[in-house]
Amino acid sequence: MNKIYSRETAEIERFFSDTLAILHVAEELKRHCRPSLYGKRFLTDAQLSEKLGISRRTLQDFRDRHVIPYYRLDGKVLYEESDIEDFLMSSYRPKF
């Protein structure tokens with residue numbers, strides 16, 4: 001009637017396995033989630049260059065030519081995620 005549970009019991013092993021899986025998902029979410037400021041998300045120069053697969057020097061050139069909007073806070077450059085999406089959509093050329 002009353003079952004004794006030990007570490008080797010299948011239910012306990014499944015519990016620990018599920019708990020580790022949940023912990024892994026939580027760590028991935030923490031790593032990829034960026035908090036927003038007033039509902040806006042920002043990317044750093046390094047993050048944006050990695051996402052777009054371009055050099056940071058190319059981003060500098062885009063800023064110098066006023067191609068993409070950016071914020072400069074005490075020497076740190078930030079790009080609003082929605083501005084980058086707008087820039088990419090305006091640059092989109094459909095295939096023929």
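Because the structure is a prediction, the values reported are computed rather than measured.
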Would you check if [X] and [Y] make a side-chain contact, meaning some heavy-atom pair closer than 4.5 Å?
X	Y	answer
Tyr70	Leu59	no
Tyr79	Arg63	yes
Val77	Leu48	no

*Sequence neighbours left out, what pairs pass side chain to side chain donor-acceptor pair (under 3.5 Å) with at least one residue falling in residues 86-96?*
none

Can you measure from [atom1] ([X]) to [atom2] ([Y]) and round to the nearest 0.5 angstrom?
X	Y	atom1	atom2	value
Arg57	Ser49	CZ	OG	13.0 Å
Lys40	Glu81	NZ	CD	12.5 Å
Ile22	His24	CD1	NE2	12.5 Å
Ile84	Phe62	CD1	CZ	9.5 Å

*asked:* Could you go through Arg65 and Asp61, starting from their C-alpha distance and side-chain angles, then the distance that decides it, and tell me whether this counts as salt bridge (charged side-chain N to carboxylate O under 4.0 Å, His left out)?
replied: CA-CA 6 Å; Arg65 293 187 296 133; Asp61 184 50; 3.1 Å; yes

*asked:* Just to verify, what does Ser17 make a side chain to side chain donor-acceptor pair (under 3.5 Å) with, not counting sequence neighbours?
replied: none

*Excluding sequence neighbours, so at least two apart, what forms side chain to side chain donor-acceptor pair (under 3.5 Å) with Arg72?*
none

*What residues form a side-chain contact (heavy atoms from CB on, under 4.5 Å) with Glu50, not counting sequence neighbours?*
none

*List for me each residue that meets side-chain contact (heavy atoms from CB on, under 4.5 Å) alongside Tyr71, sequence neighbours excluded, and say none if there are none.*
Phe42, Leu78, Glu80

*Glu28: salt bridge (charged side-chain N to carboxylate O under 4.0 Å, His left out) partners, not counting sequence neighbours*: Arg31

_Quick test of your reading of the model: are Asp18 and Arg14 salt-bridged, counting only N-O distances below 4.0 Å?_
no

*Without swapping roles, check the side chain of Thr9 against the backbone of Ile12 for a donor-acceptor pair under 3.5 Å.*
no

